[in-house]
Amino acid sequence: MERYGNANSYYAITKILRKFNQGNDLKFNELNYDFLKKFEEFHYSRGNSTNGLAVYMKTIRAIYNKAIKSGIISKEAYPFTNYRIKTTPTEKRAIDINSIKSILMLKLEETDLLFHYRNFFLASYMLYGISFIDLAFLKLENIVDNRIKFQRRKTAKPYDIKITSQLNEILSFYIKDKEKSDFIFPVIKRATYELQYKDVLWARKSYNKGLKQIAEICNIEQRLTSYVSRHSFATQAMLQDVP
């Protein structure tokens, strides 16, 4: 599954590099320190962020390292010896308990897509900020002894999380009449890993739009998508008191 994510990153960087290079092919020996600095200036001139540049540069570095290992270019030509990839810390914003209560108590019809997006968000929240991709790939077999056990696809970090009553209510809705090998949430529709990954990417775009609508309905100012990966354990504990 990771290779499909890498392929997506490689496609994105080759597309922007081609645009920067005015549609011309780029050779490895042309991709030097000066080129990286000029690409950096180009990136910032378009109003883009430091962290966005870091993603591009890390992908370029990964491609270059593969080229060195394959003997396409020599180690001496490595352009990142003196070039430092910079990042800036992202703002951490924890959603307050009242906002969570508003989302929990929001009345939505089961036929409404927002009903599912609300459930996905709450499940992500209760699973310590699990990413949408990891959430989409959860299967019934990940439920063991009233706990959810899984590994993050990005870091391989293991999680073993107790299923609370609120989370159980959400899960129970989706796992009826399913087999152990079935996905819990109705995100992935197709059989091969490549198509499943595309299913998740497409669904994530719709999900993020849906979260914006939910935030507007509940009068929540924070971007819900920015919260999911920054789980507040204190607020999670307070959920136990929500009827």
J.: Dump the intermediate steps for side chain to side chain contact (heavy atoms under 4.5 Å, CB included) on Arg18 and Asp25, then the final yes or no.
T.: CA-CA 7 Å; Arg18 183 174 291 277; Asp25 291 337; 3.3 Å; yes

J.: Please determine whether side chain to side chain contact (heavy atoms under 4.5 Å, CB included) holds for the pair Val200 and Phe137, giving the CA-CA distance in whole Å, both sets of side-chain angles, and the decisive distance to 0.1 Å.
T.: CA-CA 9 Å; Val200 175; Phe137 278 97; 3.7 Å; yes

J.: Measure the spacing between CD1 of Ile188 and NZ of Lys198 and express it to the nearest 0.5 Å.
T.: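 Atom-to-atom, Ile188:CD1 and Lys198:NZ are 14.5 Å apart.
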
J.: Taking the side chain as every heavy atom from C-beta outward, state whether Asn208 and Phe132 have any atom pair closer than 4.5 Å.
T.: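 Answer no - side chains too far apart.
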
J.: With rounding to the nearest 0.5 Å, note down the distance linking CG in Asn168 to OG1 in Thr164.
T.: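 Answer rounded to 0.5 Å: 8.0 Å.
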
J.: Between Asp134 (side chain only) and Arg153 (backbone N and O only), is there a donor and an acceptor less than 3.5 Å apart?
T.: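 Between the backbone of Arg153 and the side chain of Asp134 there is a qualifying donor-acceptor contact (under 3.5 Å).
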
J.: Counting only heavy atoms not in Asp145, do more than 12 fall under 6.0 Å of its CG?
T.: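 No, because the 6.0 Å sphere around CG of Asp145 holds 12 heavy atoms or fewer from other groups.
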
J.: Could you walk me through whether Tyr64 and Phe80 pass the ring-ring contact (aromatic ring centres under 6.0 Å, His included) check?
T.: CA-CA 9 Å; Tyr64 213 98; Phe80 289 93; 7.1 Å; no

J.: Heavy atoms, side chains only, cut-off 4.5 Å: are Leu114 and Ile217 in contact?
T.: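 Touching, per the 4.5 Å side-chain cut-off.
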
J.: Working to the nearest 0.5 Å, report the span between CG of Leu211 and CZ of Phe121.
T.: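 So the gap between those two atoms works out to 6.5 Å.
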
J.: With the side chain counted from C-beta on, respond yes when Gln166 and Leu122 share a heavy-atom pair under 4.5 Å apart, and no when they do not.
T.: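 Side chain of Gln166 against side chain of Leu122, heavy atoms only: no contact under 4.5 Å found.
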
J.: Please give me the minimum heavy-atom distance between Cys218 and Ser102, naming the atom from each residue.
T.: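 What the structure gives for the nearest pair is SG-O, 3.8 Å.
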
J.: From Met126 CE over to Leu171 CG, what is the distance, rounded to the nearest 0.5 angstrom?
T.: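 Between atom CE of Met126 and atom CG of Leu171 there are 9.5 Å.
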
J.: Does a salt bridge link Arg190 with Asp199, judged by any charged N lying under 4.0 Å from a carboxylate O?
T.: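 Salt bridge flag = yes for Asp199 with Arg190.
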
J.: Is there a path of hydrophobic side-chain contacts, each under 4.5 Å between heavy atoms, that joins Phe120 and Trp202?
T.: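 Per the 4.5 Å side-chain linkage, Phe120 and Trp202 are not co-clustered.
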
J.: Between Asn119 and Tyr174, is there a side-chain donor-acceptor contact under 3.5 Å, judged purely by atom types and distance?
T.: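 Yes, because at least one side-chain N or O of Tyr174 sits under 3.5 Å from a partner of the opposite role on Asn119.
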
J.: Enter the distance from Leu26:CG to Leu31:CG here, rounded to the nearest 0.5 Å.
T.: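 Answer for the CG-CG pair, Leu26 versus Leu31, is 5.0 Å.
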
J.: Any side-chain heavy atom of Phe39 within less than 4.5 Å of one from Leu53?
T.: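 Side chain of Phe39 against side chain of Leu53, heavy atoms only: contact under 4.5 Å found.
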
J.: Same hydrophobic cluster for Ile214 and Tyr125, using side-chain heavy-atom links shorter than 4.5 Å among ILVMFWY?
T.: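 Linked, Ile214 and Tyr125 end up in one cluster.
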
J.: Should Val55 and Ile133 be counted in the same cluster of Ile, Leu, Val, Met, Phe, Trp and Tyr side chains packed under 4.5 Å apart?
T.: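 Val55 and Ile133: separate clusters.
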
J.: Between Ile148 and Tyr128, does a side chain to side chain contact (heavy atoms under 4.5 Å, CB included) hold up when you go through it step by step?
T.: CA-CA 11 Å; Ile148 292 240; Tyr128 297 178; over 6 Å; no

J.: Which heavy atom in Lys180 sits nearest to a heavy atom in Ile143, and how many Å separate them?
T.: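 Of all heavy-atom pairs spanning Lys180 and Ile143, the closest is NZ-O, 3.9 Å.
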
J.: Considering only heavy atoms from C-beta outward, does the side chain of Tyr117 approach that of Lys209 to under 4.5 Å?
T.: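 No, their side chains stay 4.5 Å or more apart.
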
J.: For Thr50, is there any backbone N or O sitting under 3.5 Å from a side-chain donor or acceptor partner on His43?
T.: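 Not a single qualifying donor-acceptor pair exists.
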
J.: Would the number of heavy atoms belonging to other residues, nucleotides or ligands and lying under 6.0 Å from CD of Glu169 be above 12?
T.: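 No, because the 6.0 Å sphere around CD of Glu169 holds 12 heavy atoms or fewer from other groups.
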
J.: When hydrophobic residues are tied together by side-chain contacts of less than 4.5 Å, even through go-betweens, does Tyr78 share a cluster with Leu36?
T.: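 Same cluster: Tyr78 reaches Leu36 through Ile, Leu, Val, Met, Phe, Trp or Tyr contacts under 4.5 Å.
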
J.: Under a 4.5 Å cut-off applied to non-hydrogen side-chain atoms, are Tyr159 and Asn142 in contact?
T.: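 A side-chain contact is absent here, since even the closest heavy-atom pair is not under 4.5 Å.
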
J.: Provide the closest heavy-atom pair for Ala123 versus Ile130 in the form atom of the first, atom of the second, distance.
T.: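 For Ala123 versus Ile130, the nearest heavy atoms are O-CG2, 4.5 Å.
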
J.: Any idea which heavy atoms bring Leu108 and Asp112 closest together, and the distance?
T.: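 Closest approach of Leu108 to Asp112: CD2-OD2, 4.0 Å.
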
J.: How close do Arg152 and Ser131 get, counting heavy atoms only, and between which atoms?
T.: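 Answer, listing the atom of Arg152 first, then Ser131: NH2-CB, 4.3 Å.
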
J.: Side chains of Glu40 and Tyr83: do they bring a donor and an acceptor to under 3.5 Å?
T.: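 There is such a pair (donor and acceptor under 3.5 Å, judged by atom type) between the side chains of Glu40 and Tyr83.
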
J.: Using a 6.0 Å cut-off, check whether atom NZ of Lys178 has over 12 heavy atoms from anything other than its own residue.
T.: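 Result for NZ/Lys178: enclosed.
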
J.: Please report the closest heavy-atom contact between Ala156 and Gln151, naming both atoms and the distance.
T.: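 Closest pair (atom of Ala156, atom of Gln151, distance): O-NE2, 3.2 Å.
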
J.: Identify whether the distance between the nearest side-chain nitrogen and carboxylate oxygen of Glu41 and Lys38 falls below 4.0 Å.
T.: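 Looking at Lys38 together with Glu41, the answer is no, because their closest N to O distance does not fall below 4.0 Å.
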
J.: To the nearest 0.5 Å, tell me how far Phe183 CZ sits from Gln196 CD.
T.: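 So the gap between those two atoms works out to 4.0 Å.
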
J.: I'd like to check Thr59 versus Tyr56 (side-chain heavy atoms, cut-off strictly below 4.5 Å). Are they in contact?
T.: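 Result no, sub-4.5 Å side-chain heavy-atom pair not found.
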
J.: In terms of ring plane angle, is the pair His116 and Phe173 parallel, tilted or perpendicular, where the classes change at 30° and 60°?
T.: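 Judged by the thresholds at 30° and 60°, the geometry between His116 and Phe173 is tilted.
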
J.: Does Glu179 offer a backbone N or O that forms a donor-acceptor pair with the side chain of Asp182 under 3.5 Å?
T.: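 The answer is yes, because a donor-acceptor pair under 3.5 Å joins these two groups.
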
